[in-house]
Amino acid sequence: MTTPDRHAWSRPEPEPVAPGVLRVPLPLPSDALRAVNVYVLDDGPGLTLVDGGWTLSRSRDLLAAALAGRGAGFGDIRRFLVTHMHRDHYTQAVALRRELGVPVSLGAGEQDSMAAMESRPGPFAAQVAGLRSAGAVALADLVAGGPAGTAEEEYADYAAPDHWIVDAEEIAVGNTVLTALETPGHTRGHLVFEADEVLFAGDHVLPHITPSIGFEPAPRPGSLQRFLTSLARLRERPDRRLLPAHGPVAPSVHARVDELLDHHAARLDTIERAVEDGTSTAAEVAGAITWTRRESKLVDLEPFHQVLAILETDAHLEVLAAQGRVGRVADEAGVHRHEVPGA
């Protein structure tokens, strides 16, 4: 039996996924996520795009080809509705705005992170600080001394949007209405857009992977709890087809939300047991458990994925501390240490 290709969705082949909606996979510079789905929506005489892609010449060319395939061009784009400020979603939209005057909208919760970008922060400055408090000093030094995380010319594509979208805002697109819902967690200002039968989910609900938590220029404590609360919010709403930013379209938002909630509940249990067994810092806990579906050890991951793993572990420890399942205190060096009460 032939094994299905899990990455078939990322081929540069536009796909109609709902009436008046075209999924356009656009390339990314690395193989980790492979592509980002930009959704092209019929909007009367023009087009609305949900997300914009990364500012890359090949991405621009493929988007132009996808629009040409339906008899349109960049001049037909009326606006971009962007789910969050990560560069693979936001920067090409701003680049096209600079060229064509197309307005760009973004969630109001991204204002602090967008302001932080104006100061030209060092490579992963906020994440370096998080690694130090997680006890991963050597990795923090490696990341801080690495190549710049954002090229100078790309900072121009982090200009503020034309409109900040607020929770429950309704946006008329052709014959339908999109409802924007704040779903913080992946970033504080992440949005999803509900239509009649589909959910444009951005990175909040992904069919094959769990999104990173709180990876942004201006993170705040509580990102994982906000993410779990946001998932529960979607679970309470009518089920819809899942139109994710990375991965194929899936039949049910609810089914994937249930899997994500179960995953994080199991992860909390695993991390609590690791603390009970004697690990203390997030870095130590991350090194004691396994990662990805391959059950890899932390040391076997690439440095960037080690960063994500340790910060995700720290986010889980933060939730466990809020639930009273572990104690969490900062030592003299500012490193958070944990223990199970009574262990």
Side-chain angles (χ1 to χ4, degrees), residues 4 6-10 15-25 33-42 48-51 81-84 86 88-89 105-107 109 165-214 223-268 293 312:
R6 285 173 49 86
H7 304 299
W9 69 272
S10 64
E15 174 193 19
V17 292
V21 180
L22 185 72
R23 183 181 69 86
V24 182
L33 291 176
R34 294 181 176 265
V36 59
N37 292 323
V38 169
Y39 293 94
V40 179
L41 284 64
D42 290 341
T48 286
L49 272 61
V50 174
D51 285 333
L81 305 176
V82 184
T83 58
H84 62 293
H86 284 165
D88 54 328
H89 299 255
S105 297
L106 185 68
I165 303 173
V166 298
D167 187 42
E169 184 170 333
E170 294 186 344
I171 303 166
V173 178
N175 295 322
T176 191
V177 173
L178 301 185
T179 300
L181 300 177
E182 289 183 349
T183 48
H186 182 59
T187 68
R188 272 190 287 147
H190 192 287
L191 296 172
V192 300
F193 298 97
E194 285 185 341
D196 291 338
E197 297 181 355
V198 299
L199 180 80
F200 299 95
D203 283 3
H204 186 60
V205 182
L206 300 174
H208 289 162
I209 60 175
T210 58
S212 62
I213 301 299
S223 56
L224 178 57
Q225 187 56 60
R226 287 190 290 273
F227 178 66
L228 297 175
T229 300
S230 298
L231 288 176
R233 182 187 192 189
L234 290 185
R235 191 61 176 83
E236 293 172 353
R237 301 182 72 84
D239 199 8
R240 290 174 167 84
R241 291 182 70 216
L242 172 62
L243 274 55
H246 306 285
V249 172
S252 169
V253 171
H254 284 184
R256 183 53 180 158
V257 165
D258 288 344
E259 291 175 352
L260 289 170
L261 289 171
D262 287 347
H263 164 80
H264 283 287
R267 206 62 171 165
L268 288 168
R293 65 179 58 87
E312 180 179 314

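Not measured: the values here are computed from a predicted model.
Rounding to the nearest 0.5 Å places NE2 of His190 at 5.0 Å from OG1 of Thr183. Residue Arg256 holds its CZ atom at 8.5 Å from NE2 of His263, rounded to the nearest 0.5 Å. The distance from atom NE2 of His208 to atom CZ of Arg293, rounded to the nearest 0.5 Å, is 7.5 Å. Distance check: His204 NE2 to Arg233 CZ gives 9.5 Å after rounding to the nearest 0.5 Å. Atom-to-atom distance recorded for Leu260:CG and Leu228:CG is 9.5 Å, nearest 0.5 angstrom. Atoms CZ and CG, on Arg267 and Asp262 in that order, are 14.5 Å from each other to the nearest 0.5 Å.
Of all heavy-atom pairs spanning Asp239 and Ser252, the tightest one is OD2-OG, 2.7 Å. When all heavy atoms of Pro16 and Leu22 are compared, the closest pair comes out as N-CD1, 3.6 Å. Of all the heavy atoms in Leu243 and Tyr39, the pair that sits closest is C-OH, 3.3 Å. A pairwise comparison of heavy atoms in Ala35 and Trp9 identifies O-CH2, 3.2 Å as the closest pair. Closest heavy-atom contact between Pro207 and Gly247: CG-CA, 3.9 Å. Closest non-hydrogen pair, Ala195 versus Thr176, comes out as CB-OG1, 4.4 Å.
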Chi angles and distances behind the side-chain contact (heavy atoms from CB on, under 4.5 Å) call for Phe200, Leu41: CA-CA 11 Å; Phe200 299 95; Leu41 284 64; 3.9 Å; yes
Residues Val249, Arg23; criterion side-chain contact (heavy atoms from CB on, under 4.5 Å); working and verdict: CA-CA 9 Å; Val249 172; Arg23 183 181 69 86; 4.2 Å; yes
Chi angles and distances behind the side-chain contact (heavy atoms from CB on, under 4.5 Å) call for Val82, Leu191: CA-CA 8 Å; Val82 184; Leu191 296 172; over 6 Å; no
side-chain contact (heavy atoms from CB on, under 4.5 Å) between Val50 and Val38, worked out: CA-CA 6 Å; Val50 174; Val38 169; over 6 Å; no
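In this structure, the side chains of Val205 and Leu231 come closer than 4.5 Å at one or more pairs of heavy atoms. Val40 has its side chain out of reach of Val21: every pair of non-hydrogen atoms, C-beta onward, lies at least 4.5 Å apart. A heavy-atom distance below 4.5 Å is found between the side chains of Leu224 and His264. The shortest distance between side-chain heavy atoms of Leu178 and Glu170 does not fall below 4.5 Å. Here the side chains of His186 and His86 are in contact, with some heavy-atom distance below 4.5 Å. Looking at Asn37 and His246, their side chains never come closer than 4.5 Å, going by heavy atoms from C-beta outward. When side chains are defined from C-beta on, Arg188 does not count as touching Ser223, because their heavy atoms never get closer than 4.5 Å. Put simply, the side chain of Leu199 does not reach to within 4.5 Å of the side chain of Phe193, judged on heavy atoms.
With Asp51 contributing its side chain and Thr83 its backbone, the two residues share a donor-acceptor pair below 3.5 Å. The main-chain N or O of Leu181 is never found under 3.5 Å from a side-chain atom of Asp167 such that the two would form a donor-acceptor pair. For the pair Asp203 (side chain) and Pro211 (backbone), a donor-acceptor distance under 3.5 Å is absent.
Arg240 is linked by a salt bridge (Lys or Arg N to Asp or Glu O under 4.0 Å) to Glu194, counting only residues two or more places apart in sequence or in another chain. Contacts of Asn175 classified as side chain to side chain contact (heavy atoms under 4.5 Å, CB included), with partners at least two apart in sequence or in another chain: none.
By the 6.0 Å contact criterion, CD on Glu197 is open, its count of non-hydrogen atoms from other residues, nucleotides or ligands being 12 or less.
Residue Ile171 forms a side chain to side chain contact (heavy atoms under 4.5 Å, CB included) with just one option from Val177, Ile165, Thr48, and that option is Ile165.
Between Thr187 and His84, the side chains place no donor N or O within less than 3.5 Å of an acceptor N or O (distance only, hydrogens not considered).
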